[in-house]
Amino acid sequence: MKNAPHNAILLVGVLLLTATGVTAQQRPERDPNSMGGGDCAANVYNCADTPNPLPAPNTVWIEEMTWMDVRDALADGKTTAIIPTGGVEPNGPWLATGKHNFVLRANCDAIARKLGDALCAPIIKLVPEGNIDPPSGHMTSPGTLSLRQETFEALLTDVAHSLKMHGFRNIIFIGDSGGNQGGQRAVAERLNEQFAGAAIVAHVQEYYDYNSVTRYMAFRGLEAGENEGMHDDPIITLNMLYDDPFSVRYDERVAAGKATINGVSIEDRVESLELAREIVAFRAGHTADAIREAIANRGTLPAPDRSAQFAAMRRAAGGQAGRPGGGQRPAPDPRSMGGGQCSANIYNCADTPNPLPPVSTLWIEEMTWMDVRDALAGGKTTAIVATGGVEPNGPWLVTGKHNYVLRANCPAIAKKLGNALCAPVIETVPEGSIDPPSGHMTSPGTISLRQETFEAVLTDVAHSLKMHGFENIVLIGDSGGNQRGMENVANALTEAWGSEAAVHFIPEYYRAPPGSPNVLRDLGVVTDDMASDALHDNPTITLNMMLDDPASVRWATRVKAGQAVIDGFSIADLGNSLEYGRQIADARAERTARVIKERIANR
């Protein structure tokens with residue numbers, strides 16, 4: 001009988017293997033026609049060739065479209081994709097750190113519409129802004145987020161490769177900041193060679209031609225006076241104003257009598273918006289022409305020869321290029337911040353009081369560098385880095401689903417913590433193999449990052465925040481595929497930094513611990529007898545998205561079409577739906593904030 005335990009183990013093993021084999025045989029193979037994040041066999045809206053049940057939306061942004069919208073746009077000939085790159089950096093006392101991203105929200109939209117056959121990928125908001133550690137360039141100012149050059153180029157590569165796999169034939173890089181241009185050119189040239197004609201990849205330097213738009217607007221009567229020596233000017237202020245007046249602190253500046261830049265007043269809102277419209281229209285037309293030339297050239301146009309311009313600058317500077325008056329370059333003032341020199345304007349000095357009242361926003365990219373500086377000094381030393389995704393979510397929800405959810409939830413969590421700010425949402429994450437495509441990458445509109453690219457982005461963002469004085473950096477992810485990378489980065493950085501700062505991965509944000517409130521079930525509006533639609537969608541996430549923007553779930557269009565239902569739950573009553581959304585976001589914020597506080601206390 002001494003072999004009985006051994007025999008029993010063998011018997012259990014055989015039973016387990018047999019059970020596993022039966023299960024595998026019973027599990028139906030996934031229908032190869034499946035798209036949209038679900039199985040074609042389970043719901044016709046998960047099938048590649050099912051007609052779109054809703055009319056085409058009036059948007060050119062991929063993250064504002066459903067996977068079916070992207071599929072249909074490609075079929076209709078919209079095979080040019082624009083990848084815009086911005087930045088998060090200091091821009092004087094008036095402009096938000098996300099300056100370039102606000103500009104691109106206005107301009108990419110206008111360029112794509114001008115072309116007529118183009119869509120815009122999500123803005124790449126994180127770019128090289130200087131060395132991270134030790135800090136240099138813009139990284140010396142609070143609120144700046146920088147990527148290493150290799151991280152930036154890997155990010156560009158993965159986004160472009162994702163778009164190529166979906167059938168985009170022309171992939172265009174435009175960058176609103178000078179530091180973005182070299183990386184875009186290098187990646188475009190590499191990918192153009194790698195794709196060997198299967199897709200054209202081009203860097204369009206002409207987008208960043210601020211001299212042309214400045215000359216054009218001077219002809220239209222917009223002429224600046226004396227330069228105030230700040231990282232700001234009338235053209236970029238008005239371009240931002242077109243997208244969001246808050247990004248230039250319009251109301252606060254008017255109230256404080258500060259609504260001028262370089263001698264140009266923006267106080268007359270109507271006149272300023274008309275000038276802004278002309279700026280956007282000029283830049284869109286100028287860039288669209290250059291994109292067409294690049295496509296005809298089947299790649300990036302040769303870099304412009306600026307030798308004559310530099311020679312003239314050297315002559316004007318007495319031999320010292322770019323410095324009128326010549327002589328020795330002065331030593332940098334260690335008090336300089338804000339993107340300019342302290343000696344040129346007091347608002348570029350580290351210790352100058354903020355001329356505007358504190359802001360209510362908790363998003364770093366919506367704050368000025370002074371706002372971030374003052375928030376840190378006021379004890380807001382926790383930063384939340386939220387990761388979302390661009391993926392298929394059935395016929396009703398846009399591909400940027402997780403990013404919409406996080407735009408509602410991150411500030412709610414930060415508010416409950418009381419000492420936290422939100423970094424920009426990291427909108428692109430691993431969604432499956434890019435080539436050959438797997439996972440969500442089999443559906444049009446998905447943008448995927450390689451795991452190593454994702455972890456590099458997280459590392460650089462966390463490191464940037466640490467260098468500005470954030471002591472606790474929190475990683476939350478709204479999608480399952482984000483969790484492993486966040487955990488890896490949190491463990492590696494916490495170990496590397498010791499007691500200087502900690503990175504906390506919070507899986508409880510994504511997977512609620514047992515016993516957590518289930519808002520809709522607790523209210524009795526969702527019950528066990530309500531059948532699932534078998535879509536990559538559910539009432540909870542739909543309502544959470546609606547809290548940020550009802551258009552993200554196609555609310556108005558679905559109500560009109562009689563399709564405002566998911567898993568048997570109606571969202572037709574907008575007031576009720578938004579109230580449910582508030583309760584869902586509050587419950588997620590409450591449990592996440594509680595866990596964050598526990599992790600920090602046990603650091």
**OP:** Can you measure from CG (Leu241) to OG (Ser247) and round to the nearest 0.5 angstrom?
**Re:** 7.0 Å
Subject >> Pairwise distance CD(Glu365) to NZ(Lys125) - rounded to 0.5 angstrom >> reply: 4.0 Å
Subject >> Backbone N/O of Ile174 and side chain of Asp176: donor-acceptor pair under 3.5 Å >> reply: no
Subject >> Heavy atoms of other groups near Lys416 NZ, more than 12 under 6.0 Å >> reply: yes
**OP:** Evaluate the side-chain proximity of Ile172 to Thr287: yes if any heavy-atom separation is below 4.5 Å, no if none is.
**Re:** no
Subject >> Under-4.0 Å salt bridge between Glu487 and Arg484 >> reply: no
Subject >> Euclidean distance, Leu115 CG relative to Lys78 NZ, rounded to 0.5 Å >> reply: 11.0 Å
Original post:
So, do Trp363 and Thr97 sit near enough that their side-chain heavy atoms are less than 4.5 Å apart?
Top reply: no
Original post:
Are side-chain N/O atoms of Glu455 and Gln451 paired as donor and acceptor at under 3.5 Å?
Top reply: yes
Original post:
For residues Asn43 and Asp533, is any side-chain donor paired with an opposing acceptor at under 3.5 Å?
Top reply: no
Original post:
Cut-off 3.5 Å, side chains only: do Tyr404 and Asn544 have a donor facing an acceptor?
Top reply: no
Original post:
Which pair of non-hydrogen atoms, one from Arg591 and one from Glu508, has the smallest distance, and what is that distance?
Top reply: NE-O, 2.9 Å
Subject >> Verdict with supporting geometry, Lys415 and Asp586, salt bridge (Lys or Arg N to Asp or Glu O under 4.0 Å) >> reply: CA-CA 10 Å; Lys415 189 173 182 179; Asp586 186 71; over 6 Å; no
**OP:** Can you label the angle between the Trp396 ring and the Tyr45 ring as parallel, tilted or perpendicular, going by 30° and 60°?
**Re:** perpendicular
Original post:
Closest approach of Ile111 and Ala284, non-hydrogen atoms and distance?
Top reply: CG1-CA, 3.6 Å
Original post:
Under 3.5 Å, side chain of Asp69 to main-chain N/O of Thr66, donor-acceptor pair present?
Top reply: yes
Subject >> Thr428 side chain reached by Val457 side chain, heavy atoms, under 4.5 Å >> reply: no
**OP:** Flag the pair Asp548 / Val405 as yes when at least one side-chain heavy-atom distance between them is below 4.5 Å, and no otherwise.
**Re:** no
Original post:
Does the side chain of Leu362 reach to within under 4.5 Å of the side chain of Leu421, using non-hydrogen atoms?
Top reply: yes
Original post:
Can you check side-chain contact (heavy atoms from CB on, under 4.5 Å) on Glu153 and Val187, steps first, answer last?
Top reply: CA-CA 6 Å; Glu153 294 189 15; Val187 171; 3.6 Å; yes
Subject >> From Glu89 atom CD to Leu95 atom CG, the distance as rounded to the nearest 0.5 Å >> reply: 10.0 Å
Original post:
With the threshold set at 4.0 Å, does a side-chain nitrogen-carboxylate oxygen contact exist between Arg105 and Asp109?
Top reply: no
Original post:
Any donor-acceptor pair under 3.5 Å linking the side chain of Asn403 with the backbone of Gly389?
Top reply: yes
For a quick test of your reading: what N or O donor-acceptor pairs under 3.5 Å do the side chains of residues 473-480 make, sequence neighbours left out?
residue : atom : partner : partner atom : Å
Asp478  : OD1  : Tyr509  : OH           : 2.7
Asp478  : OD1  : Arg588  : NH1          : 3.4
Asp478  : OD1  : Arg588  : NH2          : 3.3
Asp478  : OD2  : His402  : ND1          : 2.7

Subject >> Side-chain donor/acceptor of Asp537 to backbone N/O of Gly394, under 3.5 Å >> reply: no
**OP:** Would you indicate whether Asn58, at its atom CG, is surrounded by more than 12 heavy atoms from other residues, nucleotides or ligands within a distance under 6.0 Å?
**Re:** no
**OP:** Please check if any side-chain donor atom of Asn46 sits under 3.5 Å from a side-chain acceptor atom of Ser34, or the reverse.
**Re:** no
Original post:
Do the side chain of Thr50 and the main chain of Val44 share a donor and acceptor less than 3.5 angstrom apart?
Top reply: yes
**OP:** Mark yes or no for whether Asn576, through its side chain, and Ile571, through its backbone, hold a donor-acceptor pair below 3.5 Å.
**Re:** no
Original post:
Residues two or more places apart in sequence or in another chain: which of them pass salt bridge (Lys or Arg N to Asp or Glu O under 4.0 Å) with Glu63?
Top reply: none
**OP:** May I ask you to decide if Ile596's main-chain N or O and His504's side chain share a donor-acceptor pair within less than 3.5 Å?
**Re:** no
Original post:
Under 3.5 Å, is there a donor-acceptor pair between the side chain of Ser443 and the main chain of Gly36?
Top reply: yes
**OP:** State plainly whether the residues Glu366 and Arg407 are in salt-bridge range, i.e. N to O under 4.0 Å.
**Re:** no
I'd like a table of donor-acceptor pairs (distance under 3.5 Å, sequence neighbours excluded) in which one partner is a side-chain atom from residues 558-566, with atom names and distances.
residue : atom : partner : partner atom : Å
Arg558  : NE   : Gln563  : O            : 3.1
Arg558  : NH1  : Val553  : O            : 3.0
Arg558  : NH2  : Val565  : O            : 3.4

Original post:
Is the backbone of Gly388 close enough, under 3.5 Å, to the side chain of Asn482 for a donor and an acceptor to pair up by distance?
Top reply: yes
**OP:** Using salt bridge (Lys or Arg N to Asp or Glu O under 4.0 Å) as the criterion, list what pairs up with Arg71, not counting sequence neighbours.
**Re:** none
Original post:
So, do Ser162 and Thr446 sit near enough that their side-chain heavy atoms are less than 4.5 Å apart?
Top reply: no
Original post:
How many angstroms lie between CD1 in Ile123 and CH2 in Trp61, if you round to the nearest 0.5 Å?
Top reply: 4.0 Å
Subject >> CD1 on Ile600 to CG on Asn472, rounded to 0.5 Å >> reply: 4.0 Å
**OP:** Scan residues 537-595 for pairs that pass ring-ring contact (aromatic ring centres under 6.0 Å, His included), counting only residues two or more places apart or in two chains.
**Re:** Phe569-Tyr580
Subject >> Considering all heavy atoms, the nearest Leu74-Thr79 contact >> reply: O-CG2, 4.0 Å
Original post:
Do you know which two heavy atoms are closest between His166 and Pro444, and how far apart they sit?
Top reply: ND1-CA, 3.7 Å
Original post:
Considering all heavy atoms of both residues, which atom of Ala48 and which atom of Met35 are nearest to each other, and what is their separation?
Top reply: CB-SD, 3.8 Å
Original post:
Do we get Arg450 above Phe454's six-membered ring, with its NZ or CZ under 6.0 Å from the centre and within 45° of the axis?
Top reply: no
Original post:
Does anything in residues 428-449 pair up under salt bridge (Lys or Arg N to Asp or Glu O under 4.0 Å), and if so which pairs, sequence neighbours excluded?
Top reply: none
Original post:
Counting only N and O atoms by type, is there a donor-acceptor contact under 3.5 Å from the side chain of Asn180 to the main-chain atoms of Gly86?
Top reply: yes
**OP:** Find out whether Pro245 and Arg269 are in side-chain contact, i.e. whether some heavy atom of one side chain is under 4.5 Å from a heavy atom of the other.
**Re:** yes
Original post:
So do the side chains of Asn239 and Val280 get within less than 4.5 Å of each other, counting heavy atoms only?
Top reply: yes
Original post:
Shortest non-hydrogen contact from Ala112 to Ala118?
Top reply: CB-O, 3.7 Å
